[in-house]
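Single-structure report; data block below.
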Amino acid sequence: YMLVVGVPGLFLAQREGFPFYIQAIIVLGLALAFTPAMRYLGDMVDRWVYGKRSDYLRFLRSIATSFQWLTELPVLARDLTDALRVAMRASDVWLLLPNPKGDYAPTLGDGPALDVNSPILRWLQQNARPLSRGLMESPTFPERPSEEERAVIRRWDVRLLVPMRAPSGLLGVMALGPRQTLERYSQTEVDALYTAAQQVAVSVENARLFTVEREQVRFLQELDRMKADFLDMISHQLKTPITSITTATALLRESEPADTAPVRARLIANLERSAGALQALVSDLLDFIRLRSGRMSMETRPVALRDVVDETVGLLSSQIEAREQKLMVDMDELPMMVMGDGHKLTQVLVNLLSNASAYSPPGSAIRIRAVRDNDEALVSVSDSCGGIPEADQPYLFEAYRMSHSRSPESAPTGSGLGLSITRALVNLHGGRLWFTNQAPRGCTFSFALPLRRAPVGETSKRARDRLP
């Protein structure tokens, strides 16, 4: 670098008639042109010294970059055979991969196929290097192929077999036909093909694993669909007998006063409670199936959160009073309106409040709080359950999961779908649901919903109403 830039600089400095700025421009130009000129000169020297090896190095780089992200086996086989056909000037190229029978057959179209017990495959597996046609037909070949296999090789005029190896063994074979010219495959080309085969083997293995994973996903999706259809059918089949039991129980209660037959009244109460539990289970199953399949219907309209809270308290007041629990409700004075389905929002709050009542001991306190936070409405339900065990927290919102931290006598009964359905319903309203553990006192479940933006005319009317 100093010679290329310094020598011309000294020469120009000794020459008269060259202004200093001209000398500086010439030296700067030499300095800028030095790197690309040396790179070009190096490429020329490499081509002159190594012949076609530089072309094969570029071919290997293109193989490594072109096929590493392909996950579809047919696309990979097509692009690879096309690239090899052009780079090696081969008349035919086949990618042989094992089929369900274990034979190595072309991935695309017709071509030579090797039996799973072929001595050629055993040789490629054991020696892990390319096999030429001349060596296959040589008397020194360790195990002579069968006449049928030799006929296949001659029919398709296979000249070279290149193994594709993976840690698990022989992954595939690249088979090449004759050159388009009269030249043979040189040793340099054979080495380049073997290196390319090992690079492509990684892509083929990834594509096969991707195909297996995709088939497993499809299988699991089909199982999930079948399970959902089965649960849907069972749930609908159960609705009719449950309705009949509920109706018959009500008629029995009306037919005779409770004070005349205490045992009869107690049995009727047990029937009503059991029928109600079955009805709740069927309802949860149907909601869960609709949410999973995307068939849950929503009647979106402006909903006042105070109405949701009042309706929830009315529905669960008897359960809370029966356990002698104290319910406290804190609401913002200003009305909070959200866009959503009032019935679904009531279902969300009913699930949270019923869980709080079921897991809190008798005589404890439960609090519902609804406040405004910027553009969101925050609703929380705090209980006195003693906190959620750390082992149960990661699975709290999973379907069919029940807490195993309580004894069977004290643990509430249910389907294990309540919190999963609750979170899905909150998500449908564009909100989010979370919990805060406050052991040993209890825990708080909260959800946030976007507030409805009031129209301009409604906002102006509220502003006028606040004027003195």
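Just so you know, these numbers use all the heavy atoms, side chains as well, and skip hydrogens, waters and symmetry mates.
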Side-chain (D103) to main-chain (A105) donor-acceptor, under 3.5 angstrom = no
| field | Donor-acceptor under 3.5 Å (D341 side chain, E299 main chain) | value | yes
Exactly one candidate in V152, D92, L161 meets side chain to side chain contact (heavy atoms under 4.5 Å, CB included) with P112; the answer is V152
**Request:** Determine whether more than 12 heavy atoms belonging to other residues, nucleotides or ligands lie under 6.0 Å from atom CG of D375.
**Result:** no
| said: Parallel, tilted or perpendicular: which one describes the rings of F445 and F397, with boundaries at 30° and 60°? | reply: perpendicular
- R165, CZ atom: more than 12 neighbouring heavy atoms under 6.0 Å: yes
Check whether more than 12 heavy atoms from other residues, nucleotides or ligands sit under 6.0 Å from atom CD of E390, and answer yes or no.
no
Hits for side-chain hydrogen bond (donor to acceptor under 3.5 Å, both in side chains) against R367, two or more places apart or cross-chain, chain-then-number order -> D330
Check: When you measure from the side chain of S354 to the backbone N and O of N351, does any donor-acceptor pair fall under 3.5 Å?
Finding: yes
With a 3.5 Å distance limit and no angle check, can you tell me whether N437 reaches the backbone of C443 through a side-chain donor-acceptor pair?
no
Sequence neighbours excluded, the answer for side-chain hydrogen bond (donor to acceptor under 3.5 Å, both in side chains) partners of D82 is R85
Tested for salt bridge (Lys or Arg N to Asp or Glu O under 4.0 Å) against E189, the lone hit among R179, R184, R159 is R179
